[in-house]
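Structure record follows, encoded as structure tokens.
Start at 1 with the first residue, then count along the sequence. On a predicted model such as this, the values are computed, not experimentally measured, just so you know.
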Amino acid sequence: MDLVTKLATEHILKEDEFKTLLLTEKVAERNKLFSYAQQVAIFNFNKQIYIRGLIEFTNHCQKDCFYCGLRCSNKYVSRYRLTKEQILTCCKRGYNLGFRTFVLQGGEDHYFTDDVMCDIISAIKMYFPDCAITLSIGERTRRSYQRLYDAGADRYLLRHETADSLHYSRLHPPSYKLSTRLDCLRDLKEIGFQVGAGFMVGAPYEVPEYLVGDFLYLKELEPAMIGIGPFIPQQDTPFRHQEPGSLEMTLRCIAILRLMFPRALIPATTALATLHPNGRVHGILSGANVIMPNLTPEDERDKYTLYDGKTTASGEAVSSLRLVNSQLRNIGYEMVVDRGDYTPELPEE
Ligand code: SAM
Ligand code: SF4
């Protein structure tokens, strides 16, 4: 059996087989990977793309990840925090545009204690009870995650970044441990969140074996969501001179993950759109099924500078929604107004 068929039927490969597929130079094999991934996504989701309203509510961060423009050592960022009222205004705007999931993302910001976060979550749930809340606010204690869950948060995105501890140590200051990150992911899952993990493709010092390690880690975790996108350098970080990740490799990873996890929610990320003007469409055609347009107020959005070129790619909510909509229609896909929860099996008709 060829590798693509094997992956599509067994949802797993041996380490050397993953590596062969990832690096294949056989055009027929490569094309089969993309075509199978696309078919699996269509079989499971009917050419329907879920939309999530991204609210980047704080760019303060106590962490110092070497790759990220929000790192605390970066003195060139103008820092901001949205108030609860501003966040609710973003949600209202998003709701009227058809969003039924709000993704609250930010740096690790001490200001947003459990009390403050729980108050925001409860308010969103009170005004928009038919919407899901996804949090992406980094590492916290299990107790804290439990409180956020009890307040009504449904999902949590915490990219593991790399499943190799040596690689992890080259992307972060010495005191940050991969094991802490993985413990957080385990806690989140045990508490009951729909959990998302993921990694950057083409991060500095990456080798193909690390990507294979990421696939195997994700297989163990069985996440509901998988966020991957290319690494893109940011001019005020230690990685400013590093090469960005490649479009082709990112798409291959998306396709492989779609065959491993037929029902997972996999976004075509803003980083993909930053790398290539048609990046989101390529992502969808490689098996992605989620898009996260940005609902952050424009003035603040310009300051959420994770990597260079991000603002232009994320665009203004209404126009970016129109653009994405027309890009999707051109390839026969459509956006749906739906919470788009993870269901491990195909829902009943
Ligand atoms: N602070 C939270 C955390 O780290 O989990 C959430 C926000 S953080 C900005 C979200 C993700 O952005 C990170 O997990 C990382 O993978 C991605 N990111 C940061 N810098 C990046 C870069 N230079 N290129 C591509 N992605 C990047
Ligand atoms: Fe902070 Fe997240 Fe950026 Fe790390 S990746 S510096 S935790 S915002």
Side-chain angles (χ1 to χ4, degrees), residues 37-55 87-105 121 123-136 149 152-157 192-198 222-228 254 257-258 261-270 272-273 280-281 283-296 314-315 317-349:
Q38 196 185 116
Q39 285 173 46
V40 168
I42 293 171
F43 178 77
N44 282 280
F45 304 103
N46 289 322
K47 291 199 174 183
Q48 293 190 327
I49 303 299
Y50 296 123
I51 48 170
R52 313 322 197 177
L54 179 63
I55 304 172
I87 294 173
L88 287 169
T89 304
C90 293
C91 294
K92 185 169 179 210
R93 220 167 136 242
Y95 193 88
N96 293 335
L97 289 167
F99 292 91
R100 294 296 177 269
T101 290
F102 302 116
V103 181
L104 267 52
Q105 194 190 77
I121 293 164
I124 296 176
K125 281 287 177 175
M126 185 176 80
Y127 289 110
F128 310 98
D130 54 338
C131 291
I133 298 177
T134 304
L135 298 177
S136 179
Y149 184 76
D154 304 272
R155 310 182 188 134
Y156 205 103
L157 293 174
F193 281 100
Q194 293 174 47
V195 169
E222 285 285 333
M225 305 168 284
I226 305 170
I228 64 164
I254 290 177
L257 291 166
R258 171 55 67 211
F261 305 98
R263 300 280 314 150
L265 297 152
I266 305 181
T269 55
T270 305
L272 201 53
R280 284 204 187 89
V281 166
I284 300 293
L285 295 177
S286 307
N289 68 326
V290 174
I291 284 182
M292 305 209 298
N294 203 326
L295 293 174
T296 314
S314 67
V318 180
S319 59
S320 106
L321 203 62
R322 273 203 206 109
L323 172 71
V324 172
N325 227 334
S326 81
Q327 284 178 328
L328 289 180
R329 271 203 305 269
N330 286 343
I331 53 167
Y333 285 67
E334 59 168 351
M335 289 186 193
V336 282
V337 177
D338 193 302
R339 272 175 56 120
D341 284 299
Y342 175 67
T343 47
E345 307 297 334
L346 271 177
E348 301 275 326
E349 279 299 315

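Contact between Pro293 and Leu321 at its shortest, heavy atoms only, is CG-CD1, 3.7 Å. In plain terms, the two heavy atoms of Pro223 and Val195 that are nearest each other are CB-O, 3.5 Å. When every heavy atom of Phe99 is checked against every heavy atom of Leu295, the shortest pair comes out as CE1-CD2, 3.9 Å. For the residue pair Cys90 and Ile55, the shortest heavy atom distance occurs at CB-CD1, 3.7 Å. Closest approach of Ser286 and Ala37 over heavy atoms only: O-CB, 3.4 Å. Scanning all heavy atoms of the two residues, the minimum distance from Ile51 to Val336 falls at CG1-O, 3.9 Å.
Take Arg100 and apply the salt bridge (Lys or Arg N to Asp or Glu O under 4.0 Å) test, not counting sequence neighbours, and it matches Asp130. Listed by chain and residue number, nothing satisfies the salt bridge (Lys or Arg N to Asp or Glu O under 4.0 Å) test with Arg52 (two or more places apart in sequence, or in another chain). Contacts of Gln39 classified as side chain to side chain donor-acceptor pair (under 3.5 Å), with partners at least two apart in sequence or in another chain: Ser35. Under the rule for a side chain to side chain donor-acceptor pair (under 3.5 Å), Thr89 has no partner lying at least two apart in sequence or in another chain. Partners of Glu334 by salt bridge (Lys or Arg N to Asp or Glu O under 4.0 Å), not counting sequence neighbours: none found. Residues satisfying the salt bridge (Lys or Arg N to Asp or Glu O under 4.0 Å) criterion with Arg339, sequence neighbours excluded, are Asp154, Asp341.
Between the OH atom in Tyr156 and the CD1 atom in Ile133 there is a gap of 13.0 Å [rounded to 0.5 Å]. In this structure, the separation between CE on Met335 and CD1 on Ile291 is 5.5 Å, given to the nearest 0.5 Å. The CG atom of Leu88 lies 14.5 Å from the CZ atom of Arg93; values are rounded to the nearest 0.5 Å. With rounding to the nearest 0.5 angstrom, the CG atom of Asn96 is 11.0 Å from the SG atom of Cys91. Once rounded to the nearest 0.5 Å, the distance linking CZ of Arg155 with CZ of Phe102 reads 11.5 Å. Note: Gln105 CD to Thr134 OG1 = 10.5 Å, rounded to the nearest 0.5 Å.
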Stepwise side chain to side chain contact (heavy atoms under 4.5 Å, CB included) test for Thr270 and Arg280: CA-CA 8 Å; Thr270 305; Arg280 284 204 187 89; 4.0 Å; yes

Worked check of side chain to side chain contact (heavy atoms under 4.5 Å, CB included) between Ile266 and Val290: CA-CA 6 Å; Ile266 305 181; Val290 174; over 6 Å; no

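Taking the six-membered ring where tryptophan is involved, the planes of Phe45 and Tyr50 are perpendicular, since the angle between them exceeds 60° and thus also 30°.
With hydrogens and angles ignored, the 3.5 Å screen pairs no side-chain donor or acceptor of Arg263 with any backbone N or O of Tyr342. One N or O on the side chain of Asn294 and one on the backbone of Thr296 form a donor-acceptor pair closer than 3.5 Å.
In this structure, a donor-acceptor pair under 3.5 Å is present between the side chains of Arg258 and Asn289.
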